[in-house]
Amino acid sequence: MTITWEQVLAFLGTDQTMSITSLLFVVFFAAAALIHYALPRVARPYFLLIASYVFFCYDPVNRPLVWVLAGATLLTWLCGLVIGRSKNRAVRVTALLAAIGGGVGVLVYYKYWNLLADTLGGGLLARRENLIAPLGLSYFTFAALSYTINVYKRRCIVSTNPFHYALFVSFFPTLINGPIERYPQLRPQIQKSRRFSYNRCAGGAFRMLWGYAKKMVLADNLSRYVSLVYGDPAAMSGPNLVAATVLFAIQLYMDFSGCCDIALGAARILGYDLIENFDSPFESRSFGEFWRRWHVSMTGWFRDYVYFSLGGSRCAPWRHYLNIVIVFLCSGLWHGADWRYVAWGLACGLISAFGVLTAKVRRRLGARNPLYRAAWFKTVWQVLCTNALFCLTLVFFASALYGTDPFAIYAAMFDGWQGLAGSWAQVTRLLFDSGIDGRLPVVLWFGCFLVFAVEHAGQNVALWVRRQVWPLRWTLYYTVAAAVLFFAAFGQSAFIYQQF
């Protein structure tokens, strides 16, 4: 389905929230970037701090909650100051616990209050129906806690400038979907702002365009079919449920990594380098490797501050496996106050622990498998198995998003198969019914192929495109821009991970 110019103009003319896929954000960011480089370098961090708070407060819903962002920033900065300057272990531990207690307390109140109320019963806690979490709560809370913990472990220098530290916590490109930054990486960039560089800005602009294409052209159009299937799974056949689950995995990647591309590109234009949040996860050959490549900043956070604190792998085998499961349970809970997210985390944890448990046996069997003598077959088979496991676990995740029963979906996946031709016909018919028709299926197939090809082996797309000969480079620029103009699903601006 092709988007008409009338729809584009109507979309641009509507009252937009400050979503990073809105025209309002583009105008806001362009103005912020121009003012940023017009100011003296010493003043730029203070201006970006003001711009970040303007971004946060633009939405009337977030405005009354700005104290949460400011309070978390002030609390962790003060605790870090006490920890860094005190030599008394009791004082240091007390300050660390105060910071962790404050951060976790805010998360529990705004994200998990109703889950606790439902679990404990109304006699102990009453549900709060109008409780709304501040924008980016999980992201800025984790960033702030990482600073305090790193100061306690003497892994980073104490911040003596509260405004520089406040910019680290609230930096607006990372506020919606991350990545979850670490203070040692951003500190030198905040303290010494970079000079304007055309190459950096050009690379950042294309990275943003690439992210917009992944989000608005690929993810939002794929969501038409996925939401139709998962919105009424009882009426769907097994082939459509399987296809929707696979396409949801692609949609989730395009949506989340696209947002991260926009954030990294915007930060690069402003002179900041952020953490790369994805490293070609669908090329992984094991489940453990997959999670080292997917949402790198979050998995790294749980590894450094939860997994290692529990003992990591330097303990009894059973404890090692338990630590893995606990980390994934925490990850599931981080995504939302819903038992389906917890079940998703538990499933991922059990698969990961089983992978570690059977690693030696699988290596021995692989050495004796005649099919594995062909390296290409071994790679393809392992990649397919890894992605199949990931897609199966995503049934819990998608069910939480669309409010469905995951176990009913698992059971229904085996129903309604009519051979290869008949099953394919069922899927294509529903794809057309969902609005994926005309030239759009070709755009989606080609677009997904182009994304996976360009991002192969974790390539930085902005650096990759700059290395190409100019005819190919400008062809790609115009192709991606035209795809956004003609095939973007305007109006579907919310990111999946924005709610977390």
Side-chain angles (χ1 to χ4, degrees), residues 83 89-90 92-101 103-105 107-108 111-112 115-116 119-120 138 141-143 145-156 180 182 279 281 284-367 382 385-386 388-390 392-394 396-397 500:
I83 293 169
R89 187 175 184 277
R92 287 167 52 83
V93 171
T94 301
L96 176 65
L97 292 177
I100 295 175
V104 174
L107 283 172
V108 169
K111 289 189 68 173
Y112 308 113
L115 177 64
L116 289 173
T119 304
L120 299 175
S138 297
T141 303
F142 271 36
L145 287 179
S146 72
Y147 163 76
T148 311
I149 297 170
N150 282 341
V151 170
Y152 178 80
K153 295 185 175 182
R154 306 189 191 281
R155 293 176 180 171
C156 76
I180 303 169
R182 306 289 181 92
D279 183 16
S284 304
R285 296 170 60 179
S286 69
F287 205 69
E289 181 187 356
F290 184 95
W291 283 105
R292 289 190 293 273
R293 292 166 169 251
W294 178 282
H295 202 343
V296 174
S297 63
M298 184 200 70
T299 53
W301 197 98
F302 281 113
R303 179 197 63 220
D304 293 345
Y305 305 119
V306 179
Y307 177 70
F308 289 155
S309 298
L310 294 172
S313 60
R314 298 181 178 181
C315 52
W318 69 268
R319 180 69 180 274
H320 179 204
Y321 309 140
L322 180 61
N323 291 343
I324 294 173
V325 174
I326 290 173
V327 166
F328 276 99
L329 279 173
C330 292
S331 174
L333 194 59
W334 178 88
H335 284 82
D338 192 301
W339 71 265
R340 287 163 289 199
Y341 287 126
V342 178
W344 170 72
L346 177 62
C348 291
L350 292 174
I351 293 172
S352 297
F354 183 77
V356 174
L357 174 65
T358 60
K360 292 182 180 179
V361 175
R362 288 185 289 111
R363 278 196 294 268
R364 292 195 201 102
L365 293 175
Q382 290 176 335
C385 289
T386 299
L389 286 172
F390 177 65
L392 284 173
T393 63
L394 279 183
F396 288 107
F397 196 103
F500 305 140

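Numbering starts at 1 and runs along the sequence shown.
Residue pairs meeting the salt bridge (charged side-chain N to carboxylate O under 4.0 Å, His left out) criterion with at least one member in residues 341-357, sequence neighbours excluded, do not occur. Applying the salt bridge (charged side-chain N to carboxylate O under 4.0 Å, His left out) test to every pair with at least one member in residues 321-337, sequence neighbours left out, gives no pairs at all. Note on residues 300-325: pairs passing salt bridge (charged side-chain N to carboxylate O under 4.0 Å, His left out), not counting sequence neighbours, are Arg182-Asp304. For residues 347-358, the set of pairs meeting the salt bridge (charged side-chain N to carboxylate O under 4.0 Å, His left out) definition, not counting sequence neighbours, is empty.
Atoms OG and CD1, from Ser138 and Ile180 in turn, are 8.0 Å apart once rounded to the nearest 0.5 Å.
Under the side-chain hydrogen bond (donor to acceptor under 3.5 Å, both in side chains) criterion, Thr358 pairs with Arg362, sequence neighbours left out. Ser297 pairs by the side-chain hydrogen bond (donor to acceptor under 3.5 Å, both in side chains) definition with Asn277, not counting sequence neighbours. Applying the salt bridge (charged side-chain N to carboxylate O under 4.0 Å, His left out) rule to Arg340 yields the partners Asp338; only residues at least two apart in sequence or on another chain are considered. For Arg285, the side-chain hydrogen bond (donor to acceptor under 3.5 Å, both in side chains) test picks out Gln382, with sequence neighbours left out. With sequence neighbours excluded, the residues that form a ring pair (Phe, Tyr, Trp, His ring centres under 6.0 Å) with Tyr305 are Trp301. Remark: Thr148 pairs with Thr76, Cys79, Ile83, Leu96, Ala99 by the side chain to side chain contact (heavy atoms under 4.5 Å, CB included) rule, at least two apart or across chains. Take Leu394 and apply the side chain to side chain contact (heavy atoms under 4.5 Å, CB included) test, not counting sequence neighbours, and it matches Phe248, Ala249, Leu252, Trp344, Phe390, Phe397. With sequence neighbours left out, the ring pair (Phe, Tyr, Trp, His ring centres under 6.0 Å) criterion links Phe328 to Trp291.
Using cut-offs of 30° and 60° on the angle between ring planes, the pair Phe142 and Trp334 is tilted.
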